[in-house]
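A short worksheet on the structure shown next.
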Amino acid sequence: MPVSEDMVSALIGLKRTDDEGLVAQLTSQLRSLIATGRLGKGRTLPSSRRLASDLGVSRNTVTYAFEQLAAEGYLEASRGRRPVVTVDGGERHRTGAVASGVRSGKPRLSPWASRLKQTDWPMSYLAPLRPLRPGHGDAREFPNEVWARCLRRSAVRAAKRELGPVNRTRLREALAHYLATSRGVRASADQILILPSAQAALTLIAAAVITQGDEVWVEDPGYPGAAAAFRASGARVTGIRLDEQGMQRIPGAAAPTLIFMTPSHQHPTGRLMSLARRTEFLGLSRPGKTWIVEDDYDGEFHYDSRPVPSLQGLDAHGRVFYVGTFSKAMTSDIRLGYLVVPPALVGTLEIAQRHIGLIAASHIQEALAEFIAGGHFLAHLRRMRRLYHARRDHLVEGLERHLGEVLSVEVPSGGIQLVARLKRGRADQAAVKRLVEAGVETRALSSLSLGRPRDHGLLLGFAAWRENEISTAVRTMASCL
Ligand SMILES: Cc1ncc(COP(=O)(O)O)c(C=O)c1O
């Protein structure tokens with residue numbers, strides 16, 4: 001999918017190193033955006049000043065990268081002008097292929113890869129974090145020292161080859177206990193697969209139970225990563241409207257092969273699915289025929305009431321996959337998630353996990369088991385719950401005070417982000433563009449719809465920023481909207 005000028009910085013993720021390292025990373029990532037055709041011939045890049053400010057690097061870093069790419073023939077860059085892409089990605093690849101004696105031609109892709117390319121959406125966590133990007137906790141509050149000690153001990157054991165299986169037993173047991181006591185999940189340790197992320201869990205489920213043409217229901221608006229995973233597997237994905245209780249049943253519609261939902265805290269609206277609605281969906285799901293995927297991506301954070309137990313815990317017939325992640329509860333770069341698999345599918349999913357290779361490093365799994373056993377995970381959650389609760393209230397108060405005429409805030413009872421709907425008009429994507437230019441990163445609600453968007457507003461993260469940072473961002477928003 002071609003990338004617009006505004007999206008360039010969102011697709012670049014730089015690891016902090018010395019200036020030379022940053023130039024090399026930036027050059028290589030821009031080169032690959034051009035080579036893959038995502039920045040096509042004739043496309044203008046942002047100015048060095050703008051890209052430097054978006055990426056939080058020096059202007060020289062960007063200028064050197066532009067100069068290098070100009071020298072390689074990818075860009076035309078002259079002083080005072082924004083650089084222009086001079087080659088077409090396909091063309092460049094073909095030239096290279098002919099030069100090396102390989103026959104040219106567009107590579108023939110599998111249906112899976114073609115569909116995935118059509119549904120691609122920017123993975124914002126690859127770019128530097130800016131206020132108020134949704135979906136993130138505060139990595140600055142993470143107990144790095146304790147985590148480093150756990151990691152060190154497990155790394156030594158791994159070096160001595162003391163750590164064994166794909167899914168570490170100690171972590172599975174710790175998780176089974178945690179999920180039973182805090183989320184009401186009913187599962188034995190051997191039903192739990194440890195994966196690199198929740199997204200990996202969705203890919204695995206899609207690979208295991210979706211046949212081309214199967215019907216899948218997802219929430220609309222909803223989490224685009226889920227729709228992408230199921231569509232890539234050939235499913236016909238239908239977006240289901242929400243009401244105050246979350247996803248609604250379509251009256252009279254036959255049950256699909258799979259229903260994806262976020263009942264504890266609907267993504268993006270934050271709504272909680274009622275017990276009656278949960279029971280209704282469970283009743284619709286026939287064992288072995290209709291699967292439910294419960295994505296509990298940030299269920300650890302609840303502020304106003306006790307958390308509602310998981311849907312999985314209500315199911316007596318093994319119809320529910322329960323997906324979780326440590327991206328929100330700990331940090332997104334830990335790359336650990338998990339999947340609780342219905343008993344009848346455990347063996348199949350374990351085979352798929354090994355063959356697709358969705359295996360998390362054993363020393364990281366072991367370090368996490370120790371972190372949980374030592375009480376650090378629960379202590380961190382308790383502290384973050386207090387902090388994020390206060391930040392949610394601070395953002396709500398700021399939005400109501402400074403933007404009450406423009407936005408109507410929906411206060412979620414938990415989670416790490418909230419929705420503020422436009423009181424007038426539908427121009428949420430234009431608003432997001434203006435805000436990004438001013439340094440505030442949000443998501444347009446309409447961009448999370450599958451079909452014609454019915455919801456227009458902004459998805460705003462509150463957990464990753466201190467109260468003074470939130471205040472600054474709200475003031476910026478007030479001056480832009
Ligand atoms: C609803 C939902 N599910 C799953 C994920 C993916 O989590 P992970 O980072 O573990 O892949 C996200 C990430 O933002 C999400 O919002």
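Fair warning: this is a prediction, and the values are worked out from it, not measured in the lab. Read the numbers this way: they start at 1 and go in the same order the structure lists the ligands and their atoms.
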To which of [options] does the heavy atom nearest [atom] belong?
atom	options	answer
atom 7 (O) of ligand 1	A226, P268, A198	A198
atom 9 (O) of ligand 1	A200, G337, S327	S327
atom 13 (C) of ligand 1	E219, Q199, K328	K328
atom 16 (O) of ligand 1	H267, Q417, R335	H267

Using distance alone, with no hydrogens and no angle criterion, decide if [X] and [Y] have a side-chain donor and acceptor under 3.5 Å apart.
X	Y	value
S413	H302	no
D295	T262	no
S154	E370	no

If you take the centroid of each ring, where Trp contributes its six-membered ring, are Y297 and Y223 closer together than 6.0 Å? no
Near D295 (heavy-atom distance under 4.0 Å), the atoms of ligand 1 are 1 (C), 2 (C), 3 (N), 4 (C)
Just jot down the ligand 1 atoms closer than 4.0 angstrom to any heavy atom of S197, in number order. 8 (P), 10 (O), 11 (O)
Would you check if L345 and W291 make a side-chain contact, meaning some heavy-atom pair closer than 4.5 Å? yes
Please indicate whether any nitrogen or oxygen in T325 is less than 3.5 Å from any nitrogen or oxygen in ligand 1. yes
If we check side-chain hydrogen bond (donor to acceptor under 3.5 Å, both in side chains) with S446, which of these qualifies: H456, Q429, R426? Q429
